[in-house]
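Everything on this sheet refers to the single structure shown next.
Order of the sequence lines fixes the chain letters, A, B, ..., with proteins taken first and strands second; residue numbering starts at 1 for each chain. Treat the numbers as computed from the prediction; the structure is a model and nothing was measured.
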There are 2 protein chains.
Amino acid sequence: MVYFMTSSKDEACGTVCHGNVACQDCSLHQLCLPVGLDSADLALLDRIIRRRRPLRRGEYLFRAGDPMRAVYAVRSGSVKTFTCSSDGDEHVTGFHLPGELIGLDAIGAAVHPRSARALETSSVCEVAYEGLEELSMKIRGLQRQLLRLMSREIHHDETMMILLGGMAAEGRLAALLSNIAARVGERGFSPRAFHLSMSRNDIGSYLGLAVETVSRLFTRLQAEGLLSVQRKQVMIHDPDRLRRLAGVCGDGAYQSR
Amino acid sequence: MVYFMTSSKDEACGTVCHGNVACQDCSLHQLCLPVGLDSADLALLDRIIRRRRPLRRGEYLFRAGDPMRAVYAVRSGSVKTFTCSSDGDEHVTGFHLPGELIGLDAIGAAVHPRSARALETSSVCEVAYEGLEELSMKIRGLQRQLLRLMSREIHHDETMMILLGGMAAEGRLAALLSNIAARVGERGFSPRAFHLSMSRNDIGSYLGLAVETVSRLFTRLQAEGLLSVQRKQVMIHDPDRLRRLAGVCGDGAYQSR
DNA sequence: CGCGGACATTGACACAGATCAATAAAGTGC
DNA sequence: GCACTTTATTGATCTGTGTCAATGTCCGCG
């Protein structure tokens, strides 16, 4: 039996209550859109942002096909994006942690190509897209950060393509866990022990594996002493070996700035 | 024995000689960065673009790890982007046709994360990135088009993730062929008969399949009467059925504007 | 023109991971 | 606290593709 010493549910990454703070006071401002902006700029940015009531687990942020009027920044909790194929079952395209932007794939067609729903109670900032476009013309740092975030998303998605096209099941899970660990770490929580807000089903869908395979892999990685897992609580014992298993996809697009 | 009536090698998509024309006179200006710009804007854009001598087949445009100073627009020919894993073999991340931008994944880290080399004799416009950033602050239409192109790339990469994570071999190839057909069509060539500039190896690497599987699939699709293929010449007989095989990944991110 | 190397095709076989099925454990509501 | 649903785990079997091997075809070069 394994006990976890860190992050009870209430202090897990992203579930801290941020209240209705402005960007200026948001603890995520060094990860999110505000990077590189001064207070005057932040005040302008705040004007195009609406903080909505928190989403409950399972609630939709938007649905595939909705007209795109805003992009969204996760403020707390976590959100998944996914498509539904004609025969009903869904395919997960991303997991989004606090400070990350959602909806950047919708700018091209002005329509959201995927749906987004909360994996747990989550709050989200709605950034009016017209305003964002407008403001990026005025604030160089904002334009730069927006382009940077989009570029990193492209890089991350390419890495996923390499992962899905080139790696066996074990490497895929190792890469996902390494990546989540790194992102959790960036947000000031322990990258060694964290809570997985998504189900095994979601993980399988995201990694192109059957649920059963995901489950077996967790068991195997635990047996090999790489990590301990108890339902959704994960503790990484050997991050290096995990990263090695993940090969070129080990770091993810989120580690560098 | 099957004969192809269209597109001899010299008129194939992208191999037309464009000379050293300015954006204003470039036949690709309704696909590339210039979308929505007037002549005055185009003159400014031209100032940050350098047309380089054509690349020969196999020549590198840049290598993974190179500092990012520019993004590139394919003007003629075609280019692949790829990573090399530690053990030497490469994984293809994209095929790029005339009018498409390369290097957008490098903005975030200011370093190219992948290598790019020409699949055939190709010419490329080099767009100085600093200049582009600068100019997008001044020209609203340019900023808008840059964001649109990046967003579409994200959407396309997500579609590839769904493809690689969710579809069997046949669906993957069908999706790639549908996608290439659509892009070739957008460029004014027949979407029914075109030349594949990449090798079976490249296709396999891109789709996460063994070369042998790709080969067998071509044979099978031909036997089923969906298409005819002779080495690199492809003729699509039943585009609808091909798209149906490709499922949700049938259209690709390139068809709509 | 013919030789050599790269690329493509085809066949035989093996295996990673999907699928089917059953059980267990954890939430959730009354 | 107890049924009920959902989610996770484990086992047994089946199959699509990868791998290995051999052959065929094209293309560039001397």
Name all residues meeting the side-chain contact (heavy atoms from CB on, under 4.5 Å) criterion together with [X]; count only those two or more places apart in sequence or in a different chain, and write none if there are none.
{"X": "B:Ser85", "value": "A:Val248, B:Asp87, B:Asp89"}
{"X": "A:Pro113", "value": "A:Asp105, A:Ala106, B:His155"}
{"X": "B:Pro239", "value": "B:Arg192, B:Ile236, B:Arg243"}
{"X": "A:Glu170", "value": "A:Leu217, A:Arg220, A:Leu221, A:Glu224, A:Leu245"}

Whole Å only: how far is the [atom1] atom of [X] from the [atom2] atom of [N]?
{"X": "A:Leu196", "N": "D:dT7", "atom1": "CG", "atom2": "P", "value": "15 Å"}
{"X": "A:Leu217", "N": "C:dA18", "atom1": "CG", "atom2": "C1'", "value": "13 Å"}
{"X": "A:Leu164", "N": "D:dT17", "atom1": "CG", "atom2": "C1'", "value": "17 Å"}
{"X": "A:Gln222", "N": "D:dA8", "atom1": "CD", "atom2": "P", "value": "15 Å"}
{"X": "A:Met167", "N": "C:dA16", "atom1": "CE", "atom2": "P", "value": "16 Å"}
{"X": "A:Asp89", "N": "C:dT19", "atom1": "CG", "atom2": "C1'", "value": "14 Å"}
{"X": "A:Asp202", "N": "D:dT6", "atom1": "CG", "atom2": "C1'", "value": "13 Å"}
{"X": "B:Glu170", "N": "D:dT15", "atom1": "CD", "atom2": "P", "value": "17 Å"}

TODO: Can you run down the salt bridge (Lys or Arg N to Asp or Glu O under 4.0 Å) pairs that involve residues 76-85 of chain B, sequence neighbours left out, and say none if there aren't any?
DONE: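 Non-adjacent pairs meeting salt bridge (Lys or Arg N to Asp or Glu O under 4.0 Å): B:Lys80-B:Glu90, B:Lys80-B:Asp202.
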- [ ] Among residues two or more places apart or on two chains, list those pairs meeting ring pair (Phe, Tyr, Trp, His ring centres under 6.0 Å) that have a residue in residues 197-217 of chain B.
- [x] B:Phe95-B:Tyr206
Task: Residues B:Arg52 and B:Glu126 bridged, charged N to O under 4.0 Å - done: yes
Task: N or O in side chain of A:Thr213 less than 4.0 angstrom from C:dA18 OP1/OP2 - done: yes
Open item on the list: Five pairs per end, C1' atoms only: what is the angle between the end axes of the helix from C:dC1-D:dG30 to C:dC30-D:dG1, to 10 degrees?
Closed with: 50°
TODO: Assign A:Ala169 to base, sugar-phosphate, or nothing according to its heavy-atom contacts below 4.0 angstrom with the strands shown.
DONE: sugar-phosphate
Open item on the list: Just to be sure I understand the rule, does B:Gly204 reach a base, reach only the sugar-phosphate, or reach nothing, if contact means heavy atoms closer than 4.0 Å?
Closed with: nothing
TODO: Starting at the 5' end of nucleotides 2-9 of chain C, put B wherever the base has a protein heavy atom under 4.0 Å, S where only the sugar-phosphate does, and a dash everywhere else.
DONE: ------SB
- [ ] Using a 4.5 Å cut-off on heavy atoms from C-beta on, say whether the side chain of B:Arg51 contacts that of B:Cys125.
- [x]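 Of all side-chain heavy-atom pairs linking B:Arg51 with B:Cys125, at least one is under 4.5 Å.
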Open item on the list: Going by the rule ring pair (Phe, Tyr, Trp, His ring centres under 6.0 Å), which residues pair with B:Tyr72 if we only count those two or more places apart in sequence or in a different chain?
Closed with: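 Counting only residues at least two positions away or on another chain, B:Tyr72 forms a ring pair (Phe, Tyr, Trp, His ring centres under 6.0 Å) with B:Phe62.
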